[in-house]
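Counting starts at 1 for both ligands and their atoms, in listed order.
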Amino acid sequence: MKPLIAGNWKMNGLTPALADVETVAEIVSTSLPNADVLICPPATLVHRAVQTAAGRIAIGGQDCRPEPSGAFTGDISAEMLRDAGATAVIVGHSERRQYHGETNALVAAKARAAWRAGLLSIICIGETGDERTRGQHLEVCKDQLAGSVPEGANADNTAIAYEPVWAIGTGKTPTIAEIGAIHAHIRQCLTRLGTARTAIRILYGGSVKPSNAREILATPEVGGALVGGASLTAADFHPIIAAASAK
Ligand code: 13P
């Protein structure tokens, strides 16, 4: 499978940011990188981003609620994202786990909702800085995978994003050897969970930049990247897409 380069805009982006969607889409349609490219803007921009992208790149959501509809003020269902033209959704991002108290069970329910609506679910896992210091990162990731990746996950409906919490928005990243080791571990865990899960792409996320993308993406078992800050402008996001296609 091609690497997946996904941008998570988080709570950033007003109407003028659609110009960056247009620039990225245009570059992708002319340079035809060997990568699947996805931008996940805030929900308010999803539909317009889909119109702007016009099929040249994919557009996704950043979260969904498990139920298809109902009395859940302020929430968005996977069906609504699909209706807006999204083809993917991020679930279980560490910021959701931290600020909204999302549990593994809830994240698994969201992943199932994504599949029900025909969306690719990008399931996020990753240890905190304290857990890494205590040497618990392997165990934490194993537990998060076991709890948040539902049965039925396969390479077509799911990607895993390994995002060490301490590397998000900090400019710090694990070493290449550390990224290789944890990705190999995640692959092993997925294989143990069932054969359908063996080919699932494992993305790395956390301070991916144009300057480190090539090395990170060349690491065995790194099947793409989930990019925050550096996905906000086409100027930064494009070199990361180009680095993936050099893989
Ligand atoms: P940064 O790339 O800004 O570190 O964010 C990573 C992230 O959380 C993507 O989901």
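A salt bridge is defined here as a Lys NZ or Arg NE, NH1 or NH2 lying under 4.0 Å from an Asp or Glu carboxylate O, and Arg56 with Glu22 meets this definition. One finds a salt bridge joining Arg96 and Glu102 here, because a Lys/Arg side-chain nitrogen approaches an Asp/Glu carboxylate oxygen to under 4.0 Å. Between Asp63 and Lys110, at least one side-chain nitrogen of the basic residue sits less than 4.0 Å from a carboxylate oxygen of the acidic one, meeting the salt-bridge criterion.
Inclusion of Lys10 in the set of residues having an N or O under 3.5 Å from an N or O of ligand 1 is warranted. Looking at ligand 1, you'll find an N or O of Gly229 within less than 3.5 Å of one of its N or O atoms. An N or O contact shorter than 3.5 Å links Gly228 to ligand 1 by distance. Polar contact check, Gly169 against ligand 1: a nitrogen or oxygen pair lies under 3.5 Å apart. Some N or O of Glu163 is nearer than 3.5 Å to an N or O of ligand 1, by distance alone.
Between the side chains of Thr15 and Arg48, at least one donor N or O lies within less than 3.5 Å of an accepting N or O. A side-chain donor-acceptor contact under 3.5 Å links Ser148 and Arg97.
Applying the 4.0 Å criterion to heavy atoms of Gly206 picks out, from ligand 1, the atoms 4 (O), 6 (C). With ligand atoms numbered from 1 in the order given, ligand 1 contributes 9 (C), 10 (O) to contacts under 4.0 Å with heavy atoms of Leu226.
At a 4.0 Å heavy-atom cut-off, ligand 1 does not touch Ser231 at all. Heavy atoms of Asn8 found under 4.0 angstrom from ligand 1 belong exclusively to the side chain.
Not a single donor-acceptor pair under 3.5 Å links the side chain of Trp115 to the backbone N or O of Ser121.
Ligand 1 has at least one atom lying under 4.0 Å from a heavy atom of Ser207. Residue-ligand proximity: Ala167 is placed with a non-hydrogen atom under 4.0 Å from ligand 1. Using a 4.0 angstrom heavy-atom cutoff, Ala230 does not count as in contact with ligand 1.
Ring geometry for Tyr162 versus His183: interplanar angle over 60°, hence perpendicular rather than tilted (30 to 60°).
Within 6.0 Å of CD on Glu215 lie no more than 12 heavy atoms contributed by other residues, nucleotides or ligands.
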